[in-house]
Structures are given as structure tokens and as C-alpha cells.
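Heads up: the structure comes next, in C-alpha cells.
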Protein chains: 2
Amino acid sequence: MKGIRQLAEHLDISIGTVSRALNGKPDVNEETRRRVLAAAEELGYVANQSGRSLRQGETKVIGLMIESSKETVENADNFFLGVTSGLQSVFARHKLDLVMLPCPSDEDPHEYLKRMVARRIVDAMIISDTQRVDRRIDFLSRAKIPFVALGRSLSAANFPWIDLDFEGVADHAVERLTARGHRRIAITAPSSEANLGYLFVESYRRALERHDIAFDPALVIHVKSSEQGGYQAAHELLLLEERPTAVILIYELMAIGLYRRLMESGVMPGRDLAVIGFRDAPRARFLQPSLTCFRISLYDLGVDLGRMLLANMPAYRDFYPGGERNIIWPLELMPGESDAFDVGAMV
Amino acid sequence: MKGIRQLAEHLDISIGTVSRALNGKPDVNEETRRRVLAAAEELGYVANQSGRSLRQGETKVIGLMIESSKETVENADNFFLGVTSGLQSVFARHKLDLVMLPCPSDEDPHEYLKRMVARRIVDAMIISDTQRVDRRIDFLSRAKIPFVALGRSLSAANFPWIDLDFEGVADHAVERLTARGHRRIAITAPSSEANLGYLFVESYRRALERHDIAFDPALVIHVKSSEQGGYQAAHELLLLEERPTAVILIYELMAIGLYRRLMESGVMPGRDLAVIGFRDAPRARFLQPSLTCFRISLYDLGVDLGRMLLANMPAYRDFYPGGERNIIWPLELMPGESDAFDVGAMV
DNA sequence: ACGCACTCCGTAAACGTTTACGAATGTATG
DNA sequence: CATACATTCGTAAACGTTTACGGAGTGCGT
């Protein structure tokens with residue numbers, strides 16, 4: 001099957017009518033439409049996207065940009081695939097397709113993004129891993145490309161984003177730990193410029209203050225968010241003169257390395273040191289001891305992300321009226337054994 | 001910047017010449033080419049892909065199709081992102097872009113694939129998670145769409161693929177275990193129709209035979225390839241009347257759940273049961289005990305995958321002469337503590 | 001002076017689709 | 001019966017790019 005022209009000839013109908021029939025336009029006889037659809041099905045005709053895009057100026061494809069930097073590869077998890085499912089469930093209703101755009105590690109994310117939209121590969125963008133100042137946001141806003149960000153940023157005053165409820169997580173974690181007598185609570189943070197790490201530590205600092213605990217910079221351990229980083233974090237933790245009794249991890253798989261290093265020194269997580277993890281963790285409960293962890297409903301997050309994006313696209317705006325422009329996404333605590341350590345008993 | 005026409009007017013040059021200049025065609029004055037490139041850079045002109053694709057009949061985009069089924073999400077790892085880096089390093093040389101196409105879990109992979117190529121979103125495809133009989137391979141061959149498969153299949157006699165060296169892995173693992181006196185060696189396998197699981201078990205069976213060990217179907221544990229599945233596998237393992245002394249895991253993260261379940265019953269992995277894992281595992285060494293595991297160089301695998309694909313595309317064939325059509329990819333053993341259990345001492 | 005080859009560039013057609021416009025037909029209205 | 005309107009369809013232009021073709025200019029050998 002070549003194109004719409006062959007289909008039209010086969011039906012002995014003009015090409016324009018065939019197009020209207022396929023696209024559900026009103027001014028076409030229902031009988032004709034039936035015949036066209038049947039023939040298209042039979043001959044396996046699918047519209048050439050290039051021709052359509054050229055004419056309409058839109059590709060019907062949404063891009064989800066992801067980093068494929070070395071560190072991302074190392075700590076890769078189900079995060080994006082989970083979100084993807086939710087996104088697709090929304091996009092499918094509008095015959096929009098989703099492609100994931102992995103930015104090569106040796107290319108500047110900003111340049112990569114520009115190239116993708118300039119080539120008209122996608123109509124709209126979902127960006128993630130937002131930096132504290134992120135030129136991509138500037139660019140997309142200025143170029144009036146519809147987009148949503150997974151993560152806040154300082155780069156623009158008002159743009160659509162969904163971010164995680166760091167404040168709630170930190171508060172919940174600190175509350176839970178102080179209730180068990182903990183006063184020296186460490187935290188891990190990435191060394192990158194990702195806004196996530198910054199917000200995470202800031203929320204932690206404020207949560208401490210609310211519980212009348214002085215913030216000690218020495219308790220912020222800057223390591224990579226991977227098993228390797230967890231190992232390193234435990235190592236640095238054990239070297240501190242006044243050793244903390246609890247630690248909050250920014251990424252749940254870090255617990256693997258952390259546990260390992262602790263046990264090498266005879267320190268038992270959950271008994272000698274309380275550990276709380278962050279982000280999605282169906283696997284957390286299989287660790288030994290099982291990890292107390294905050295989890296995210298990735299699918300639902302994807303759904304909201306998709307809706308928010310479409311609400312910002314003129315062609316689909318009407319389907320999603322009155323949506324918020326920003327969402328702070330709540331996380332749910334999954335209690336485990338890793339924070340069972342009760343300091344109160346020792347005091 | 002609208003299009004090439006505006007660029008041409010701005011330079012007071014014909015549109016055809018501008019196009020030739022940009023595309024490196026020979027019949028254009030070097031001075032003119034310099035001016036054009038400078039102006040394009042200055043005005044931020046990038047060719048509209050839709051127009052170009054329509055004219056040339058190709059999109060310059062390669063698709064990497066991945067499953068986003070529930071199970072894939074659960075055990076998602078760095079696999080695809082790791083391969084992606086290698087792929088992009090090859091594609092970049094030819095100004096080809098890579099997009100990842102996540103097949104929605106509620107859509108038939110075959111239909112999804114057909115839709116993507118029919119819409120001309122990509123020129124060529126890399127498919128993964130091949131099934132024992134996989135209609136996608138049939139379709140792509142027949143439609144003469146260039147493609148490479150990550151994984152063998154029975155669906156076509158001769159198509160380009162790269163697959164893992166299951167035979168080598170199984171042989172190496174069984175060899176290593178029997179050298180330490182093990183005779184009852186269990187293995188985990190997925191319950192799906194994925195060819196990977198089938199080949200994995202078959203290789204294991206043949207490796208046993210080569211070492212004069214009878215194949216016992218009861219020792220093939222069908223569980224999901226996730227932490228949860230590992231937990232389940234350990235559970236079933238402990239119920240066997242004649243308990244095996246070793247187990248081979250098809251996916252390294254299963255070790256987390258497996259360890260947990262074993263310890264719950266007081267069985268110490270590495271001391272009471274030897275464990276060997278499979279597939280990439282920078283994280284394996286942080287488990288407690290560290291996991292003996294076979295690792296893959298994902299980047300290099302991606303490079304070969306990319307080369308093999310381009311060798312099958314007429315436009316790029318000349319750059320990659322004489323490449324093999326099929327590659328069995330070797331894996332490297334990373335020794336750990338999990339298989340230290342020596343049965344010989346007990347006999 | 002002529003023909004020839006070579007370099008460089010402009011012209012226009014083509015890719016497959018959507019859509020504004022108007023034509024043709026049928027039907028209701030005055 | 002003339003007019004108005006609704007329904008259905010065909011015609012042709014347009015989207016932005018590449019490229020076959022040919023033309024203009026230049027240099028060279030005869």
C-alpha cells in the first residue's frame with residue numbers, strides 16, 4: 001500500500017473524500033465512510049506521518065526526555081517506565097504517541113532538546129531531572145513549545161511542573177525518628193546540580209528545625225545515588241566522631257551498599273542505625289532488614305503529568321479544563337524493619 | 001526562523017543552493033557554503049524533519065522498541081539505557097537519532113510495531129525481548145524494514161540478531177559449581193514465552209549433561225524475574241524434599257528477595273547454598289554476601305547492535321562491510337562470595 | 001574565434017497529506 | 001416554479017524540503 005492516492009483509486013473516489021472519511025470529518029456520507037474504512041483496513045493503509053506532519057505542522061508525538069548519563073545508567077530503575085504507562089494511558093485517547101528521548105551523555109541536554117524540537121520530531125516535551133537553573137525551561141517557554149517538567153526549577157517564574165513532596169517526606173521521616181528518640185539524623189545528597197538534591201536537603205533542614213534539632217552540615221553526606229554511593233555513605237558515616245543514630249537515603253537502592261558497609265563493621269542496620277529510604281520501592285521490603293521507605297504511585301503520576309501537558313496544548317486544552325499548573329506529589333510511607341532502632345530505650 | 005526559504009531570502013541566494021550547501025553536496029562554492037552555514041547558525045535554522053522525510057522517504061530516526069509491561073517495569077534495570085549509549089555513539093556519526101518506543105502493556109507488541117513503522121516514525125527498528133515465535137520478526141522481514149533483534153527467535157531462518165552466550169554462562173557456572181562438589185543445581189526461569197528463558201534453561205540442561213548430572217525438572221523454578229520472584233524461588237526451593245545445594249538466577253536483582261527468604265529460614269547464602277547470578281551486575285558486589293555474577297558490557301553490546309543494524313540499511317551498508325549477521329555475546333564472570341559454599345568438604 | 005569541459009547556481013517538480021473552496025445534487029420553502 | 005439551503009464530493013493549493021535538469025559564466029586547448 002503506497003498512499004492515500006492508491007486507496008482513492010481503488011475505491012474510485014477522490015483523494016480528498018478519502019482523507020475526510022478517515023479523519024472523521026462531518027461532510028462525508030456514512031456509507032462512503034464505511035467503505036473507505038473497510039478498504040483501508042483491508043489494504044493495511046496507514047497515513048504517512050511525514051506528509052501529515054508537513055501539512056498540519058504537528059507530529060502527534062510527545063517526547064519524554066531522559067538523561068542517559070553514566071550515573072543515571074548506574075542507578076536506573078523503573079522510574080521512567082512506570083511513569084510512561086500512565087502517560088500513554090492519557091495520550092492514547094487522543095491518538096498521540098510517546099517516544100522516549102535519551103540524551104547522550106556527551107551532549108549538552110539543552111542542545112539536544114533544541115535539536116529535537118527544531119527537527120520537529122515532537123510536538124511537546126516532558127523534561128525531567130531539572131537542574132536548579134535549567135536553560136531548557138527558559139528555551140521551551142520562550143519558544144512556546146508546550147511542556148511539563150518533572151521537578152521544580154528556579155529558571156522561570158511560572159511553568160507547569162509536578163514535583164515530589166520533599167517537605168512532607170522529610171517531616172514524616174524526622175517525626176518518626178524523633179519519636180523514637182533520634183537526634184542525630186544524617187542524610188545523603190547527590191553532588192550534582194539537580195534541584196531534587198537541593199530541595200531534599202532543604203526540606204530536611206527545615207524539618208529538623210521544626211523539631212528543635214540544630215542542623216549539622218557534617219551530617220549531609222554527598223555521594224552518588226547508587227549502591228556504590230550507599231557503600232561510600234556508610235563509610236563516611238562510620239568515620240564521623242559523633243556518629244548519627246539514623247540516616248535518610250535519597251534513593252532506595254543505596255541501602256544495598258549501605259547495609260553491606262555497615263555489616264562489614266559489625267553495625268546492624270535497623271538495630272544500631274535507623275535507615276529510611278526515599279522514592280519508589282517495591283523492592284525495599286525484600287531487603288534484609290526490610291527498608292522503611294516512601295513510595296510513589298508512578299502510574300498515577302504519569303497520568304497527571306499527561307493531563308497537565310495536554311492542558312497546555314491548544315489543540316487539547318478543552319479536554320482538561322481548570323487543571324492546576326503545579327502539583328506537589330504526595331508519597332506514602334511503607335513501614336519496614338530498617339528504622340526499628342529505638343534510641344529512647346538507651347537514654 | 002521559519003524555513004529554508006527565509007534563510008535563502010536573507011542570503012539572497014536560491015533555496016536550492018542553500019539546501020545543497022547545508023547538505024554538503026559537491027556542486028557549491030566553498031565561499032557560498034561558508035556563508036550559508038554561518039547564517040544558519042546565526043539564525044538558528046534547523047531543517048524541518050517532516051519536509052525532509054516526505055521528500056526523501058526516510059526519517060533519520062531509529063527506534064528501539066521496549067516492553068513496558070508490568071513485569072518489565074518491576075524488574076527494570078539499567079539494561080536499555082546502557083545499550084542506548086553504545087547505540088548512540090554509532091548513530092551519531094551518521095546524524096541518526098535514536099528514540100525509545102515503549103510498547104504500552106495493553107497493546108499487542110506486534111500491532112504497536114506495525115503502527116510505528118506504518119506511520120513512518122522510524123526508518124529502522126531494534127527489537128528486544130524476542131519471543132520463541134515472534135510475529136514482529138516475520139513482519140519486519142517481509143516488509144523489508146531494516147532491523148536487528150536483541151535475542152534469537154524461531155520465527156525466521158535468517159535474520160540479524162545479537163544474543164547472549166547462554167551456553168557459555170551455563171557451562172561456566174556448572175563447571176564452577178561441580179568443581180566444588182555440587183550435584184544438585186537449581187535454576188530460575190521466567191514463565192513467559194520469552195526465548196531468553198527457554199534458551200537459558202536449555203543451556204543449563206546441556207551443561208548438566210556434559211558434567212554427567214541428570215536433569216531434574218523439579219529443579220527448574222518458574223518465577224518472575226524480580227525481587228519478589230527471588231523471594232518466591234527461595235520459598236519453593238526450601239520446600240523441595242531433596243534440597244539443592246546451589247541455584248543459578250536468571251536475573252541478578254532476584255538475589256535480594258532470595259537472600260531474604262533464605263535468611264528467614266536460617267539458611268545462609270554462600271555458606272548453606274551457593275548462588276550465581278546472571279546479567280549485568282555492578283550492584284552484585286554490594287549485596288551481602290556479594291553475588292557471583294556474569295556481567296555484560298552494555299555499551300559495547302550497543303555499539304555492535306548499532307553497527308549490525310546499519311550494515312543492513314542500504315544507505316549505510318558501505319560503512320560496515322563484512323559484518324557478521326549474528327553474534328553470540330560473551331559474558332564475564334565476576335567472582336563473589338555467594339558461591340563459596342564447598343560441598344566437597346562435606347562428602 | 002570556436003568548441004568543450006567544468007564550476008556554480010536557479011528553476012521547478014515531487015514527496016503524501018489536509019483543507020478551503022466551490023460544484024453538483026437533492027430537498028424544503030416561498 | 002424559482003429560490004434557498006443542506007448534503008456530499010471533487011479540485012487544487014499548500015506545507016518544507018531535496019534533487020534532476022539545464023543555464024550562465026569561466027578557462028582552456030585547438
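None of the values given here were measured: they were computed from a predicted structure. Order of the sequence lines fixes the chain letters, A, B, ..., with proteins taken first and strands second; residue numbering starts at 1 for each chain.
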Starting at [atom1] of [X], measure out to [atom2] of [Y] and round the result to the nearest 0.5 Å.
| X | Y | atom1 | atom2 | value |
| --- | --- | --- | --- | --- |
| B/L140 | B/L113 | CG | CG | 4.5 Å |
| B/I121 | A/N48 | CD1 | CG | 10.5 Å |
| B/W161 | B/R325 | CH2 | CZ | 11.5 Å |

Scan B/R135, B/R136, B/R142 and name whichever one has a salt bridge (charged side-chain N to carboxylate O under 4.0 Å, His left out) with B/D138.
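When B/R135, B/R136, B/R142 are each tested with B/D138, the salt bridge (charged side-chain N to carboxylate O under 4.0 Å, His left out) holds only for B/R142.
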May I ask you to verify if any side-chain N or O of [X] is less than 4.0 angstrom from the OP1 or OP2 atom of [N]?
| X | N | answer |
| --- | --- | --- |
| A/N23 | C/dT18 | yes |
| B/Q56 | D/dT19 | yes |
| B/T17 | C/dC9 | no |
| A/K25 | C/dT18 | no |
| B/R5 | D/dG16 | no |
| A/Y45 | C/dT17 | yes |

So A/T32, base contact, sugar-phosphate only, or nothing? Heavy-atom distance under 4.0 Å.
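Result for A/T32 = sugar-phosphate.
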Could you tell me the separation between the [atom1] atom of [X] and the [atom2] atom of [N], rounded to a whole number of Å?
| X | N | atom1 | atom2 | result |
| --- | --- | --- | --- | --- |
| A/I15 | C/dA14 | CD1 | C1' | 14 Å |
| B/I13 | D/dA24 | CD1 | P | 19 Å |
| B/E58 | D/dT17 | CD | C1' | 13 Å |
| B/R33 | C/dC9 | CZ | P | 10 Å |
| A/R55 | D/dT17 | CZ | P | 16 Å |
| A/I121 | D/dG16 | CD1 | C1' | 16 Å |
| B/E31 | C/dT7 | CD | C1' | 15 Å |
| A/I4 | C/dT18 | CD1 | C1' | 8 Å |

Go through the N and O atoms of the side chain of B/D27 and the base of C/dC9, and report whether any donor-acceptor pair is under 3.5 Å.
yes
Consider the side chain of A/N29, meaning its heavy atoms from C-beta on, and name the nucleotide among D/dT8, D/dT18, D/dC15 that approaches it most closely.
D/dT8
Quick check: on DNA chain D, is the nucleotide nearest B/S19 upstream (toward 5') of the one nearest A/R20, or the reverse? Name the residue that is more 5'.
A/R20
Any idea how B/H94 and B/F319 line up, ring-wise: parallel (<30°), tilted (30 to 60°), or perpendicular (>60°)?
perpendicular
On DNA chain C, more 5' by nearest nucleotide between B/E30 and B/L54 is B/E30
